[in-house]
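Scroll down for the structure; my scribbles are underneath it.
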Amino acid sequence: MLAYCRRMAKKNPLIRPLVHDLHAYVPGEQPKIKGLIKLNTNENPYPPSPKVLAAVKAAVDGRLRLYPNPTAETLRAKLAKLHGCQPENLIIGNGSDELLALAVRCFVEPSPKSKILSPRTVVQYFTPSYSLYPVLADTHGAAKNAVPLKDDFSVPGVAELRRGKQWRFDAALTLVTTPNAPSGRGYQTVELEKLCRAQQGVVVLDEAYVDFAKENALKLALKCPHVLVARTFSKAYSLCFQRVGYLVGHSELIAALDKIRDSYNVNGLGQIAAEATLDDLKFYHANFQKIIATRERLARELTKLGFRVLPSQTNFILAKPPLFPASAWLEKLRARKILVRWFGTPAVKDFLRITIGTPAEAAALVKAVRAVLFR
Ligand SMILES: Cc1ncc(COP(=O)(O)O)c(C=O)c1O
């Protein structure tokens, strides 16, 4: 056994050193424990609309033997109509994660030893933000430039970034999570526009949570030829299981991304589910309002119990709990069958990230918090 472990610790020459040394992305836990309230992965607490479920069920027949439409043509046409652009301004992915990975492969040169040798090799992002970005850069052998947000998780202004000297206005690719995750902070389009206009490389505005926010920056993708906006059906549209996301942007960037994607990257049932979603947007707009109302109520109740809850424009909140370290709260809540998320990174290690569930789930969380505090 010991010999086996030693062999495994040595680098297997069949595997590229870059892959051997890679720290893979760690997704939130998907536990099978019965009765657990799952507030850890920012899924939507409400199921897809009955019309979406009916459309998917109706498509489960002999068609499963056929390849799906390779360019998700109908879905792109519907999205183009919704966003006031052309289908050529849209590419659909197997979740927006796939499109973020494609953007790294499409716009960034790998770099020997992942060092910043030229701006063309740089993937740039703020910290904290979506923890997938560094993994995508490492997988590609690109150089990373991780620049801290301000203490209140706001984006530093352009003049401030220039003074700080670490930010690269020439980075090949800049990824901005807006609204931010894991803080939940929303950003104004005017400030994002100033940042975008100062960048020479491609900027992806990752709007995974934007349906819960006050504004979105889609118009920047339609007026700046180097800006792409990433959206997903996972969070606001209750379709994590189906894996559908998209990018909006200039047709030249979209065509370049299209060249390097897998031919059938979006599965057929996913396309059907997303199309039916767009035919029933009213249903989802009502869900956004319910989730936002629960978010605000939960924030008030946790604040009364001594939590420092940061303002959120997403379907989760970042909250600093009282009395015990956040990591201890994670265990205490889990013992009471409530699963939330804790990140051990310096900027957020004192906080819990809590997905907004149904009103009943929020009430159960408050009850569990009271039990921890007053037992
Ligand atoms: C900021 C951000 N972007 C993108 C994604 C990926 O979403 P998708 O399910 O579309 O791959 C997530 C998922 O957690 C996210 O938090």
Side-chain angles (χ1 to χ4, degrees), residues 24-30 38-45 48 72 75 79 90-104 123-137 139 146 149 153 155 173-187 192 203-213 216-218 221 228-248 257 261-262 265-267 269-271 273-274 277-278 284 291 312-318 339-343 345 347-348 353-356:
Y25 177 71
V26 184
E29 191 187 341
Q30 295 291 353
K38 199 174 168 303
L39 306 176
N40 66 329
T41 47
N42 299 342
E43 288 145 331
N44 198 304
L75 179 57
L79 282 169
L90 287 152
I91 180 170
I92 317 292
N94 182 36
S96 52
D97 278 351
E98 186 201 16
L99 298 166
L100 297 171
L102 281 184
V104 173
V123 175
Q124 174 167 257
Y125 47 88
F126 291 107
T127 54
S129 65
Y130 187 24
S131 52
L132 180 69
Y133 304 154
V135 181
L136 295 179
T139 308
L149 289 169
F153 302 103
V155 170
L173 179 64
T174 299
L175 302 164
V176 183
T177 316
T178 171
N180 179 253
S183 74
R185 183 172 180 125
Y187 301 128
L192 293 173
V203 182
V204 174
L205 300 174
D206 180 352
E207 292 195 328
Y209 301 100
V210 84
D211 295 285
F212 306 104
N216 71 68
L218 193 91
L228 295 163
V229 163
R231 295 274 181 93
T232 177
F233 283 87
S234 293
K235 314 291 180 180
Y237 302 96
S238 306
L239 280 183
C240 286
F241 199 76
Q242 295 282 11
R243 312 297 302 125
V244 188
Y246 61 98
L247 284 175
V248 188
L257 290 158
R261 70 172 172 83
D262 287 346
N265 63 328
V266 189
N267 81 80
L269 294 179
Q271 292 186 34
T277 299
L278 296 178
Y284 293 93
I291 290 168
S312 169
Q313 292 197 31
T314 61
N315 68 335
F316 56 86
I317 50 173
L318 195 70
L339 190 55
V340 297
R341 191 100 189 249
W342 175 72
F343 298 94
T345 48
V348 291
R353 195 196 68 186
I354 305 170
T355 303
I356 304 304

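Just so you know, ligand 1 is whichever comes first in the structure, and atom 1 is the first atom listed for that ligand. Source: prediction; values computed, not measured.
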Between Tyr130 and Asp206, do the side chains contain an N or O donor and an N or O acceptor separated by less than 3.5 Å?
no
Side chains of Thr232 and Lys235 only: does a donor on one sit below 3.5 Å from an acceptor on the other?
no
Whether [X] lies under 4.0 Å from ligand 1, heavy atom:
{"X": "Phe233", "answer": "no"}
{"X": "Glu98", "answer": "no"}
{"X": "Thr177", "answer": "yes"}

Within the structure provided, determine whether [X] and [Y] are in side-chain contact (heavy-atom separation under 4.5 Å).
{"X": "Phe233", "Y": "Tyr246", "value": "yes"}
{"X": "Thr177", "Y": "Tyr133", "value": "yes"}
{"X": "Leu205", "Y": "Val210", "value": "no"}

List every atom of ligand 1 that sits less than 4.0 Å from any heavy atom of [X], numbering the atoms from 1 in the order shown and giving each element.
{"X": "Ser234", "value": "8 (P), 9 (O), 10 (O)"}
{"X": "Gly95", "value": "10 (O), 11 (O)"}
{"X": "Tyr209", "value": "1 (C), 14 (O), 15 (C), 16 (O)"}

Distance from [atom] to nearest protein heavy atom, with residue and atom:
{"atom": "atom 3 (N) of ligand 1", "result": "Asp206 OD2, 2.8 Å"}
{"atom": "atom 14 (O) of ligand 1", "result": "Lys235 NZ, 2.8 Å"}
{"atom": "atom 6 (C) of ligand 1", "result": "Asp97 OD1, 3.0 Å"}

Does an N or O from Thr232, backbone or side chain, lie closer than 3.5 Å to an N or O of ligand 1?
yes
Kindly confirm or rule out an N or O of Tyr133 lying under 3.5 angstrom from an N or O of ligand 1.
no
Residue among Asn42, Asn40, Asn315 satisfying side chain to side chain donor-acceptor pair (under 3.5 Å) with Thr355
Asn42
Could you state the interatomic distance from CG (Leu228) to CG (Leu99), rounded to the nearest 0.5 Å?
9.5 Å
At what distance, to the nearest 0.5 angstrom, does OG1 of Thr127 lie from CG of Asn180?
9.5 Å
Below 4.0 Å, non-hydrogen atoms only: which portion of Ser96 touches ligand 1? Side chain, backbone, both or neither.
both
Record the part of Arg243 in heavy-atom contact with ligand 1 below 4.0 Å; permitted values are side chain, backbone, both and neither.
side chain
Steps toward side-chain contact (heavy atoms from CB on, under 4.5 Å) verdict (Leu339, Leu39):
CA-CA 6 Å; Leu339 190 55; Leu39 306 176; over 6 Å; no
